[in-house]
Amino acid sequence: MEFDPQALSAVDDPYPIFDELRENHPVFHSAERGLWVVSRYEDVRTVLLDAETFASGMGTVPTGFVSAMPMMISQDPPYHTHLRGAVHQTFTPRRMRALEEFIRTTTRALLDAIDPEAEIDLFDALTDPLPVAVITELLGIGFEDRKQFSEYAGAVIHAVEGRGPTAEEGILWIYDYLENVLPERMERPGDDLVSRLLHPESGEPRLSHDEVVGFCALLLMAGTETTTNALGNAVVLLHENPEVRRLLGKEPEGFAKAVDEFLRLESPVPGLSRVTTRDVEMHGVMIPKDQRVHMLFAAANRDERAFPNAHTLDPGRNPNAHLAFSLGIHFCLGASLARAEMRIALDELIRRFPNFRVIPERWVRLRSDAARGFSFLPFVARPG
Ligand code: HEM
């Protein structure tokens, strides 16, 4: 048996392989990829909650990519604690309310532009532009550059068979863009997050110039493609489960729980890794120090030990302590924003087009080590 996260991300149904790993090889050593794969819910939790033994400083994607500017996602305590502590004001209730309003008006405008009779690409029409618009609004930077943002931010997350910019080119473009924005915000601060980070209130920790660039670049990467994939995966689940779509059409408040179930069942970040800081034994297997342990969230989220009827979509599932947003010190900083985007965008979509269809024969899945989603999602709003 071999394990290649990139090839598996492009398969419509990788779950039988994940089941096999979880049930029969709870610690699977992929010599070819240099990964020790853990896939049971409790084991993934154990790794996530022990940041001392399982470190992020060597990068969290299987290739070990680490950005040149400091980003909290690839830092360990105490530096991680400092970086995360300095941005706790990112999602204040006031900013969340304003962003929710922005999500709704932007979604409506994007849906207005869809030709309801034609076959369109929903990636291009909704799932890609919406998250980019939200993050650029949060940062207060140019939405007019969104095509480039999504191309370059996406490049860091997925290597699409040698097409488009490389991860290094992507991140350098983002740094360059931010380097141009910062001096202007330093001089003329606005009501946006970049200005706030550059001009903290008294008593708040001050980030260095490089730390602000690193944080904004991280938001552009971690906050865009992840949500794009979450939305695409959820639309497909709604297509495949018409009774759930009908139920949520009648009771839209059900989206509050349903979005977590979409994230559990089709996790947009199927796995991330850590590097061991000492020898560790798991299930009788000795994992030596300095080895990359890959946590398969997508398998853990379908572990029957944690989720009864784990392969079934249950929109009201409660409790639903899935790991799609990770856990512990690196728990997704943008989880509340991502949930709001999903809740609002999906609600608007099925209100407007309750009978939409996607076309599985022609969709194109991303090939990626760390993302599961679509780069082309053919969609008909009102099938004849
Ligand atoms: C459905 C969409 C999203 C998913 C599935 C997701 C998933 C994740 C995961 C799995 C991690 C943990 C990384 C780790 O443990 O190593 C993470 C971290 C992070 N996410 Fe998200 N994310 C989403 C949306 C967002 C959004 C919208 C933002 C920003 C507005 C964001 C910002 C971050 C940041 C800054 C971190 C780093 C936290 C830290 O290292 O302390 N994410 N996300």
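Side chains included, hydrogens not; waters and symmetry mates left out as well; all remaining heavy atoms used. Residues take their numbers from the sequence shown, with the count starting at 1. As the structure lists them, so they are numbered: ligands from 1, and atoms in each ligand from 1. All of these numbers come straight from a predicted model, not from anything done at the bench.
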- Task: Take D347 and R352 through the test salt bridge (Lys or Arg N to Asp or Glu O under 4.0 Å) and record every step on the way to the result.
- Result: CA-CA 9 Å; D347 175 27; R352 183 86 61 106; over 6 Å; no
- for atom 22 (N) of ligand 1, nearest protein heavy atom and its distance come out as C332 SG, 3.1 Å
- Message: Just to be sure I read this right, does ligand 1 sit under 4.0 Å from the backbone of L263, its side chain, both, or neither, counting only heavy atoms?
- Response: side chain
- Task: Evaluate the ring planes of F331 and F325, with Trp represented by its six-membered ring, and classify them as parallel (under 30°), tilted (30 to 60°) or perpendicular (over 60°).
- Result: perpendicular
- Message: Parallel, tilted or perpendicular: which one describes the rings of F28 and F3, with boundaries at 30° and 60°?
- Response: perpendicular
- Query: Taking atom 26 (C) of ligand 1 as the point of reference, which of G223, P270, A230 owns the nearest heavy atom?
  - Reply: G223
- Query: To the nearest 0.1 Å, how far is atom 38 (C) of ligand 1 from its closest protein heavy atom, and which atom is that?
  - Reply: R84 NH1, 3.3 Å
- F356 six-ring face occupied by R245 cation (under 6.0 Å, within 45°): yes
- Just distances here: any N/O of H330 and N/O of ligand 1 closer than 3.5 Å? yes
- Message: Quick test: of every protein heavy atom, which one is nearest to atom 29 (C) of ligand 1, and how far off is it to 0.1 Å?
- Response: L219 CD2, 3.6 Å
- Note: heavy atom closest to atom 12 (C) of ligand 1, options G373, A371, S326, belongs to S326
- Query: For M71, is the nearest heavy atom under 4.0 Å from an atom of ligand 1?
  - Reply: no
- Query: Do S9 and R372 meet the criterion of a side-chain donor-acceptor pair at a distance under 3.5 Å?
  - Reply: no
- Message: If only side-chain N and O atoms count, and only distance matters, is there a donor-acceptor pair under 3.5 Å linking Y15 with E266?
- Response: yes
- Item | Any donor-acceptor N or O pair under 3.5 Å, side chains E204, H88 | no
- Query: Hey, is I329 one of the residues with a heavy atom under 4.0 angstrom from ligand 1?
  - Reply: yes
- Query: Taking the six-membered ring for Trp, is the centroid-to-centroid distance between F149 and W173 below 6.0 Å?
  - Reply: yes
- Would you say the side-chain atoms of E211 and Y79 include a donor-acceptor pair closer than 3.5 Å? yes
- Query: Which residue and non-hydrogen atom of the protein lie closest to atom 23 (C) of ligand 1, and at what distance in Å?
  - Reply: T226 OG1, 3.4 Å
- Query: What part of L218, side chain from CB on, backbone N/CA/C/O, both or neither, has a heavy atom under 4.0 Å from ligand 1?
  - Reply: side chain
- Message: Among all protein heavy atoms in this structure, tell me which lies nearest to atom 36 (C) of ligand 1, with the distance rounded to 0.1 Å.
- Response: L333 N, 4.0 Å
- Under 3.5 Å, is there a donor-acceptor pair between the S30 and E2 side chains? yes
- Polar contact flag for H80 and ligand 1 (N/O pairs, less than 3.5 Å): yes
- Here the atoms of ligand 1 under 4.0 Å from any heavy atom belonging to L337 are 30 (C)
- Message: Going by the closest heavy atom to atom 25 (C) of ligand 1, which one wins out of A222, A370, A338, A335?
- Response: A222
- For the residue pair Y152 and Y177, is the inter-centroid distance of their aromatic rings smaller than 6.0 Å? no
- Message: Starting from atom 16 (O) of ligand 1, what is the nearest protein heavy atom, named by residue and atom, and what distance separates them?
- Response: R274 NH1, 2.9 Å
- Message: Using the rule that Ile, Leu, Val, Met, Phe, Trp and Tyr join whenever any side-chain heavy atoms are under 4.5 Å apart, tell me whether V212 and F91 fall into a single cluster.
- Response: yes
- Query: Going by distance only, is there an N or O of T227 that falls short of 3.5 Å from an N or O of ligand 1?
  - Reply: no
- Would you check if there is a donor-acceptor pair between the side chains of S195 and D192 at a distance under 3.5 Å? yes
- Under 4.0 Å between heavy atoms, the region of F91 that gets near ligand 1 turns out to be side chain
- Note on the structure: Near I135 (heavy-atom distance under 4.0 Å), the atoms of ligand 1 are 30 (C)
- Item | Heavy-atom nearest neighbour in the protein, as seen from atom 7 (C) of ligand 1, with distance rounded to 0.1 Å | A324 O, 3.6 Å
- Query: Which ligand 1 atoms are under 4.0 Å away from a heavy-atom of P268?
  - Reply: 5 (C)
- Message: Give me the residue, atom name and distance of the protein heavy atom closest to atom 13 (C) of ligand 1.
- Response: L272 CD1, 3.5 Å
